Q: 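First the structure, then my questions, so here it is.
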Amino acid sequence: MARSNKSLMSENLKEEIAKELGVYDEVKKEGGWGNVSSKTCGNIVTKAIEIANRSVER
């Protein structure tokens, strides 16, 4: 099955979370998200879920 290029998370949100987690320089240096570790991507998703849950609770 082919992966879709459609992202559920905006590029801006991913970048903001990456900055907050201190990995944005890695993304910039490598020229994109392709070389970011699975663990780091998981941390970004976890943080995005936390942000979404906080906004729903308001």
Side-chain angles (χ1 to χ4, degrees):
M1 182 187 324
R3 281 182 44 180
S4 170
N5 268 345
K6 185 176 178 185
S7 177
L8 297 176
M9 194 181 326
S10 75
E11 199 65 27
N12 287 341
L13 179 58
K14 283 192 275 189
E15 289 176 2
E16 286 299 318
I17 294 171
K19 287 175 186 174
E20 188 174 324
L21 296 176
V23 297
Y24 184 69
D25 290 336
E26 177 185 346
V27 174
K28 279 183 68 174
K29 183 178 109 183
E30 298 296 327
W33 297 96
N35 292 325
V36 177
S37 73
S38 296
K39 181 178 180 179
T40 299
C41 289
N43 290 338
I44 290 170
V45 170
T46 300
K47 188 69 174 174
I49 291 169
E50 290 172 6
I51 291 168
N53 284 338
R54 281 196 306 259
S55 67
V56 167
E57 289 172 355
R58 292 180 191 172

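Side-chain atoms are counted along with the backbone in the values below, which use heavy atoms only and exclude waters and symmetry mates. Computed from a prediction, not measured in an experiment: that's the story for all the values here. Start at 1 with the first residue, then count along the sequence.
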Q: Suppose we screen for side-chain contact (heavy atoms from CB on, under 4.5 Å). Which residues come up paired with K19, at least two apart in sequence or across chains?
A: E16, Y24
Q: List for me each residue that meets side-chain contact (heavy atoms from CB on, under 4.5 Å) alongside T40, sequence neighbours excluded, and say none if there are none.
A: V23, V36, S37, I44
Q: Nearest 0.5 angstrom please: N43 CG to E20 CD, how far?
A: 11.5 Å
Q: Give me the atom names and distance for the closest heavy-atom approach of N35 to E26.
A: O-OE2, 3.8 Å
Q: By side-chain contact (heavy atoms from CB on, under 4.5 Å), which residues pair with S10, not counting sequence neighbours?
A: N12, L13
Q: Under 4.0 Å between a Lys/Arg side-chain N and an Asp/Glu carboxylate O for E11 and K14?
A: yes
Q: Check whether L8 and V45 end up in the same hydrophobic cluster, where Ile, Leu, Val, Met, Phe, Trp and Tyr are linked by side-chain heavy atoms less than 4.5 Å apart.
A: no
